[in-house]
Student: 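I have a structure I would like to understand better, so I am pasting it below and will then ask my questions one at a time.
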There are 2 protein chains.
Amino acid sequence: MLSNDEKFRQFLQSKGLKFTPERQAILNCVFASDRHFEAEDLLIDMRQHDLRVSKATIYRTLALLVKGGLLREVIFGEKHAHYEHVHDHEHHDHLVCSGCGKIIEFTDERIERLQDEVCNKHKFRTISHRLQITGLCEDCINAGISE
Amino acid sequence: MLSNDEKFRQFLQSKGLKFTPERQAILNCVFASDRHFEAEDLLIDMRQHDLRVSKATIYRTLALLVKGGLLREVIFGEKHAHYEHVHDHEHHDHLVCSGCGKIIEFTDERIERLQDEVCNKHKFRTISHRLQITGLCEDCINAGISE
DNA sequence: ATGGGTGCAAATGCTTTGCAAGTAC
DNA sequence: GTACTTGCAAAGCATTTGCACCCAT
């Protein structure tokens with residue numbers, strides 16, 4: 001299996017784009033941890049590691065990483081973009097707690113299959129899908145937090 | 001069953017809020033047709049019917065309609081909000097065509113049940129959920145349109 | 001009468017873009 | 001050498017907010 005590095009490099013090459021130090025640095029930083037993040041998080045994270053890239057370049061590179069299939073864009077309660085790694089092995093969906101913001105990931109093969117069935121019925125060709133359930137997690141329910 | 005009018009009126013009253021002519025006009029306009037729309041669409045629509053309300057009031061009222069359970073906020077490809085009517089009879093999900101923007105609604109009881117099952121497993125209390133599949137519709141596939 | 005509501009314009013917050021200078025290929 | 005890239009600051013866009021005046025209850 002290709003490393004993220006090679007995957008991105010190949011994607012850029014196929015589009016006639018360049019693999020610059022800035023893109024390398026962003027790529028490293030994005031894949032250094034495995035959590036959901038947004039553009040601002042990444043910027044702060046990079047600054048803390050003394051990697052200086054402009055905000056504009058971060059936005060431009062994140063868009064490329066999505067196009068190249070290395071990141072997936074997810075939109076939670078807020079209206080700005082969040083990103084997560086694309087894992088080659090599985091697609092997953094999210095439970096988003098509106099009490100504490102916690103995000104629980106899950107996969108359910110049966111749901112995936114039913115989605116495929118719906119698409120077939122409508123002669124629709126899936127590119128991507130997103131299932132998100134908003135609610136309250138166990139901790140918040142116990143803490144008596146309500147919507 | 002309550003009309004939208006009565007439902008909104010009751011909601012407002014229960015919160016100590018007022019039923020103003022502006023809110024009435026927006027309510028009428030929102031429920032005059034049955035499609036997905038965004039704030040700007042509504043503004044234009046109202047202007048064309050010579051109903052003048054400020055953009056600020058539209059935003060403020062849409063938020064109230066969501067809180068009151070008359071509208072549901074859905075977020076498609078773009079990062080701004082879209083709205084749809086809440087039908088008392090069913091929740092539905094969306095197939096969004098990235099070729100022509102068409103939106104196909106569907107419901108599948110089995111998927112709903114599996115979602116409940118997932119939530120139970122995680123002791124998560126659902127407030128709302130959203131399933132959206134992005135892809136190409138039959139027409140766009142036949143027209144040879146690709147992502 | 002009074003607490004909420006409205007319009008307006010300014011502010012916000014995320015994201016995109018124009019441009020001049022730099023650089024990977 | 002020539003596209004493609006970058007950083008910066010300015011622009012964009014949807015949405016929110018402060019404020020002075022207005023009105024439904």
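A, B, ... follow the sequence lines: proteins, then strands. Residue 1 opens every chain.
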Student: Rounded to the nearest angstrom, tell me the gap between atom CD1 in B:I58 and atom C1' in C:dC8.
Tutor: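 In whole Å, C:dC8 C1' lies 14 Å from B:I58 CD1.
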
Student: Where each residue is assigned the nucleotide of DNA chain D containing its nearest heavy atom, which of A:E22 and B:L17 is assigned the position nearer the 5′ end?
Tutor: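 The residue closer to the strand's 5' end, by nearest nucleotide, is A:E22.
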
Student: With a cut-off of 6.0 Å (strictly less than), are more than 12 heavy atoms of other residues, nucleotides or ligands near NE2 of A:H122?
Tutor: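 Enclosed: over 12 neighbouring heavy atoms sit under 6.0 Å from NE2 of A:H122.
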
Student: Please examine the side chains of B:L70 and B:Y83, heavy atoms only from C-beta on, and report whether any two atoms are closer than 4.5 Å.
Tutor: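 Not in contact.
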
Student: Grab the CZ-P distance between B:R47 and C:dG7 for me, whole Å please.
Tutor: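 Going from CZ in B:R47 over to P in C:dG7 covers 10 Å.
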
Student: Would you mind reading off the distance between A:E73 atom CD and C:dC14 atom C1', rounded to a whole angstrom?
Tutor: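 A:E73 atom CD is separated from C:dC14 atom C1' by 12 Å.
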
Student: How do B:G16 and B:T57 order along DNA chain C: which one's closest nucleotide is nearer the 5' end?
Tutor: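 Whichever sits nearer the 5' end wins; that is B:G16.
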
Student: Is it the case that atom CD in B:Q13 sees more than 12 heavy atoms from other parts of the structure closer than 6.0 Å?
Tutor: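 At most 12 heavy atoms, drawn from other residues, nucleotides or ligands, come within 6.0 Å of this atom.
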
Student: Mind calculating the distance between CG (B:L43) and C1' (C:dT6) to the nearest angstrom?
Tutor: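 That distance rounds to 15 Å.
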
Student: Would you kindly give the CD-to-P distance between A:E38 and C:dC14, to the nearest whole Å?
Tutor: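 That distance rounds to 7 Å.
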
Student: Without decimals, in angstroms, what is the distance between A:L64 CG and C:dT16 P?
Tutor: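 Rounded to whole Å, this separation is 12 Å.
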
Student: Side chains of B:L27 and B:R23: closer than 4.5 Å at any heavy-atom pair?
Tutor: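 No. Closest side-chain heavy atoms not under 4.5 Å.
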
Student: To the nearest Å, give me how far apart CG (B:L27) and P (C:dG5) are.
Tutor: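 Answer to the nearest Å: 15 Å.
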
Student: Hey, are the side chains of B:Q115 and B:T126 touching, using non-hydrogen atoms and a 4.5 Å cut-off?
Tutor: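 No, too far: nothing below the 4.5 Å cut-off.
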
Student: Any heavy-atom pair between the side chains of A:R52 and A:D50 that's under 4.5 Å?
Tutor: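 SC-SC contact between A:D50 and A:R52 confirmed.
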
Student: Between C1' on C:dA11 and OH on B:Y59, what's the gap in Å once rounded to a whole number?
Tutor: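 That distance rounds to 15 Å.
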
Student: Would a 4.5 Å heavy-atom cut-off, applied to side chains only, mark A:I44 and A:F37 as touching?
Tutor: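 The answer is no; the side chains never approach within 4.5 Å.
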
Student: Return the 5'-most residue of the pair B:K18, B:R52 with respect to DNA chain C, ranking by each residue's nearest nucleotide.
Tutor: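 The 5'-side residue here is B:K18.
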
Student: Please determine whether any donor N or O and acceptor N or O are separated by less than 3.5 Å between the side chain of B:R60 and the base of C:dG4.
Tutor: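 Per atom types, no contact qualifies.
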
Student: Taking any atom closer than 4.0 angstrom to a non-hydrogen atom of chain B, what span of DNA chain D does the protein reach, first nucleotide to last?
Tutor: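 Range of nucleotides within reach of chain B: D:dA14 to D:dT25.
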
